[in-house]
**Q** 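For reference, the structure I am asking about is given below.
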Amino acid sequence: MKKKIRVRFAPSPTGPLHIGGLRTAFYNYIYAKKYNGDFYLRIDDTDIKRNRKEYIKYILKALKWCKIKYNKGYNINKNRKYIQSKRYDIYKRYLNYLIKNKYAYYAFETKKELNEYRKNKNFIYNFLTRHKLNNSLNKNNKYIKKYIKNKKFVIRLVIPSNINIIYKDEVFGNIEINTKEIDDKIIYRSNNKPTYHLASAVDDHLMKITHIIRGKEWLSTTPIYIILYKYFNWTIPKFIHLPLLLNNKGKISKRFNYNNLPIYPINYKNLVTNNSYKSNGFFRNVFIYILALLGRSDLSEYKILNLKKIIKLFSLKKINKSDIKINYKLFCSINRNYILYGNSKNINYKLYLFLKKKNNNNIKKKIIYKIINLTKNRISLINDIWNVSFYFFINPIKYNIPKDIIKYINTNYKDIIKFIKNNIIFFFKKKNIKYNNINNYIKNINNINLLKIIRLSIVGELVGINLIDIIYILNKINKKIIIKRLKNFKKFIYQYKNF
RNA sequence: GGCCCAUUAGUCUAUUGGUUAGGACGUCAGAUUUUCAUUCUGGAAAUAGGGGUUCGAUUCCCCUAUGGGCUACCA
């Protein structure tokens, strides 16, 4: 019988989860979904100096937004079992086994001493050097006991001497690393806490993890994990390493810029930013697609697929090996593509929710939807809708007038005032103005500059949707708006008649 | 420095021994649009370099270069 697949996502809460971490979580999730397996969430918080509870919350929130659901695992309210800081007793039991079988030993060097050794760049704490160093392999029992009693020790894993550890990665193929390159890794610190290597190996075994899906940065550290598994005589899981996500400067980190955005806005100590994928206006399903895209060579067709299809198409063979540079602009255009061709019901609703917050004049829902339909083909992110539709909600704040129009206003000042007063305003004072009336009126003006001036007075700038639509909608919202704006503009050019 | 991994246009990638090296975003030009956007048409643009193996190499091997990761009492 085939063993049930079980994967885990095991972030360490030393910073807000970034897109790279989320991508790892997502790949674990879809892998489990694809093969009907389990997906667990574990919090690997063995780095007690850098861990923060806020980051655990952040991780959970980010997973939730992306709808990455786990079968079992850490839950801030209910289940706190899947967190390593609550499992120290367990690790200690396994540690004792390693010591008893001479797979691990006590070492007594201070950090200072180690730094001294490391000034020689070739220094490695392993089979070549350990017999000369200050550890329980070389010292008598009395000495060892004294150090252990004073808690001045770490425990190191015995890395076997000069053998090639070969393992198969499902993405990268066979990886071969000689043990002479590897330190006898510290698996237990002087503060009585295990390090990641021990804790994660033990947990992965106890949780019966069958596949380890994580970032490529672990590729050369995997032998340590394998050695531990062999000492315990456990079944080694399969490894699936994912290409790294890079920003312009290298591996993405907790420092944010536009190519390295957080998922959610964060405000924690000196980590403050309002920008994030969510708050900048990415659609959830687009963001999920982007996560899938980062590392999959089969998803370059530029159609936004839903989760079901992403899972259906998933194949280890299609995971690429080379690292991926985050390209925020590309992400934006994927979002834009979705707005243009995606599920318009969902899109319009989200855009409506955004505009609703800004709607101070109680513009009717129906009209807002109309505005959305007219403007949404010119935006990339949800938030952009304001930039292209603000003039329906507020009067123009400033007039963005190009030089040639300034010149035109200066030379034809009197005629323009006259035109506004006697022609346009006169037109808008009529009752029951229909779309066709506006259409005919505008078409008959037949003077590009005057049309531009009408647009300027209403919108504040020369870009935007069809002028007839703008006028029609504004007139529907409130008959007085256009007249008011025309008068404002008249006042404005009167003030600045010599630009 | 050592070890590991990668290298196709600006970016994401297709082609795993025979293709005029394909697509998407971006970019440029034209048409449409009173403007902008959309839409349509078209253009420029890549197998990092050098050696092998082969009738033939983007594809396999080696070297170099570049990028990235690891080399922590971080994960």
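Below, chain A is the first sequence line, B the second, and so on; all start at residue 1. What's counted below: heavy atoms across the whole structure, side chains too, no hydrogens, waters or symmetry copies.
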**Q** Verify salt bridge (charged side-chain N to carboxylate O under 4.0 Å, His left out) between A/D47 and A/K49, making sure each step is shown before the conclusion.
**A** CA-CA 6 Å; A/D47 184 356; A/K49 275 182 200 157; over 6 Å; no

**Q** Over all strands shown, is A/I465 touching base, sugar-phosphate only, or nothing at heavy-atom distances under 4.0 angstrom?
**A** base

**Q** Quick one: A/N377 CG to B/U39 P, roughly how many Å, whole number?
**A** 8 Å

**Q** Between B/G1 and B/G43, how many Å separate the two P atoms, rounded to a whole number?
**A** 47 Å

**Q** Taking the P atom in each of B/U38 and B/C25, what is the distance between them to the nearest angstrom?
**A** 11 Å

**Q** Measuring from the side chain of A/E181 (C-beta onward, heavy atoms only), which nucleotide among B/C3, B/C12, B/C5 has the closest atom?
**A** B/C3

**Q** Of the options B/U35, B/A75, B/C3, whose atoms approach the side-chain atoms of A/I177 most closely?
**A** B/C3

**Q** Round to a whole Å and report the spacing from CD1 of A/I124 to P of B/G1.
**A** 16 Å

**Q** Can you check the distance between B/A9 and B/U47, where both ends of the measurement are the C1' atom (answer in whole Å)?
**A** 10 Å

**Q** Which whole-number value in Å describes the distance from A/I83 CD1 to B/A75 P?
**A** 14 Å

**Q** I want to verify a distance call: between B/U34, B/C12, B/C74, whose nearest atom is closest to the A/L330 side chain?
**A** B/C12

**Q** Need the pair for B/U7. Rule: Watson-Crick or G-U wobble, both distances under 3.5 Å, any strand; none if unpaired.
**A** B/A65

**Q** Touch check for A/I448, heavy atoms < 4.0 angstrom, all strands: base, sugar-phosphate only, or nothing?
**A** sugar-phosphate

**Q** Is it the case that the ring center of A/Y106 lies less than 6.0 angstrom away from the ring center of A/Y147?
**A** no

**Q** Can you identify which nucleotide, out of B/G1, B/A6, B/C73, has its nearest atom closest to the A/K121 side chain?
**A** B/G1

**Q** Under a 3.5 Å threshold, yes or no: a donor from one side chain and an acceptor from the other, between A/N466 and A/Y472?
**A** no

**Q** Whole Å only: how far is the OH atom of A/Y167 from the P atom of B/C5?
**A** 9 Å

**Q** Indicate whether OP1 or OP2 belonging to B/C25 is found under 4.0 Å from a side-chain N or O atom of A/N327.
**A** no

**Q** Heavy atoms under 4.0 Å, any strand shown: does A/N320 hit a base, just sugar-phosphate, or nothing?
**A** sugar-phosphate

**Q** Please give, in whole Å, the distance from B/A72 C1' to A/D183 CG?
**A** 9 Å

**Q** Closest to the A/E217 side chain: B/A75, B/C73, B/U39?
**A** B/A75

**Q** Taking atom P of B/C12 as reference, at what distance in whole Å does atom CD1 of A/I334 sit?
**A** 12 Å

**Q** Under 3.5 Å, is there an N or O donor on one side and an acceptor on the other linking the side chain of A/S190 and the base of B/C73?
**A** yes

**Q** When the P atoms of B/U11 and B/U16 are compared, how many Å lie between them, rounded to an integer?
**A** 24 Å

**Q** What I want to find out is whether A/D469 reaches A/K370 closely enough, with some N-O distance under 4.0 Å, to be called a salt bridge.
**A** no

**Q** Could you tell me how far B/C60 sits from B/G30 if I compare only their C1' atoms? Round to whole Å.
**A** 46 Å

**Q** So, is A/R189 close to the B/A75 phosphate, meaning a side-chain N or O under 4.0 Å from OP1 or OP2?
**A** yes

**Q** Can you check whether A/F9 and A/F39 have ring centres sitting under 6.0 Å from each other?
**A** no

**Q** Checking contacts here: which listed nucleotide (B/G68, B/U13, B/C73) is nearest the side-chain heavy atoms of A/D323?
**A** B/G68

**Q** Could you identify the nucleotide paired to B/U27, looking across every strand shown and requiring Watson-Crick or G-U wobble geometry with both distances under 3.5 Å?
**A** B/G43

**Q** If the P atom of B/A6 is compared with that of B/C63, how far apart are they to the nearest Å?
**A** 14 Å

**Q** Hey, does A/I175 reach any base, or is it just sugar-phosphate, or nothing, if we go heavy atoms under 4.0 Å?
**A** sugar-phosphate

**Q** Measure CG/A/L198 against C1'/B/C73 and give the value in whole Å, please.
**A** 13 Å

**Q** Can you figure out which of B/C73, B/G68, B/A75 approaches the side chain of A/T221 most closely?
**A** B/A75

**Q** Strictly by modelled atom types, are A/N373 and A/N348 linked by a side-chain donor-acceptor pair under 3.5 Å?
**A** yes

**Q** So, does A/R156 use its side chain to make a donor-acceptor pair with the main chain of A/D184 at under 3.5 Å?
**A** yes

**Q** Applying a 4.0 Å non-hydrogen cut-off, can you work out what A/S220 is touching in the nucleic acid: base, sugar-phosphate, or nothing?
**A** base

**Q** Counting just side-chain N and O atoms, does A/T46 come under 4.0 Å of either OP1 or OP2 of B/A75?
**A** yes

**Q** Looking at every strand, decide which applies to A/E176 at a 4.0 Å heavy-atom threshold: base, sugar-phosphate, or nothing.
**A** sugar-phosphate

**Q** Report yes or no: does A/Y408 contribute a side-chain atom to a donor-acceptor pair with the main-chain N or O of A/L450 at less than 3.5 Å?
**A** no

**Q** When you match A/K452 and A/L219 each to their closest nucleotide on RNA chain B, which lands nearer the 5' end?
**A** A/L219

**Q** What nucleotide among B/C74, B/A6, B/G69 has an atom nearest to a side-chain atom of A/S322?
**A** B/A6

**Q** Once you apply the 3.5 Å cut-off to both distances, tell me the Watson-Crick or G-U wobble partner of B/U58, or none.
**A** none

**Q** Measure from the side chain of A/V154, starting at C-beta and using heavy atoms only, and say which of B/C74, B/G68, B/C73 lies closest.
**A** B/C73

**Q** Tell me: CG of A/N337 to C1' of B/A24, nearest whole Å?
**A** 9 Å

**Q** How do A/L467 and A/K185 order along RNA chain B: which one's closest nucleotide is nearer the 5' end?
**A** A/L467

**Q** Report the base-pairing partner of B/C70 (Watson-Crick or G-U wobble, both distances below 3.5 angstrom), or none.
**A** B/G2

**Q** Determine: side-chain N/O of A/R118 to OP1/OP2 of B/A72, distance under 4.0 Å, yes or no.
**A** yes

**Q** Taking atom types as modelled and ignoring hydrogens, do the side chains of A/N134 and A/E109 form a donor-acceptor contact shorter than 3.5 angstrom?
**A** no

**Q** Could you measure between the two C1' atoms, the one in B/C74 and the one in B/A65, and give it in whole Å?
**A** 32 Å

**Q** What contact category does A/E109 fall into here, base, sugar-phosphate, or nothing, at under 4.0 angstrom with non-hydrogen atoms?
**A** base

**Q** Can you check the distance between B/A24 and B/A46, where both ends of the measurement are the C1' atom (answer in whole Å)?
**A** 15 Å

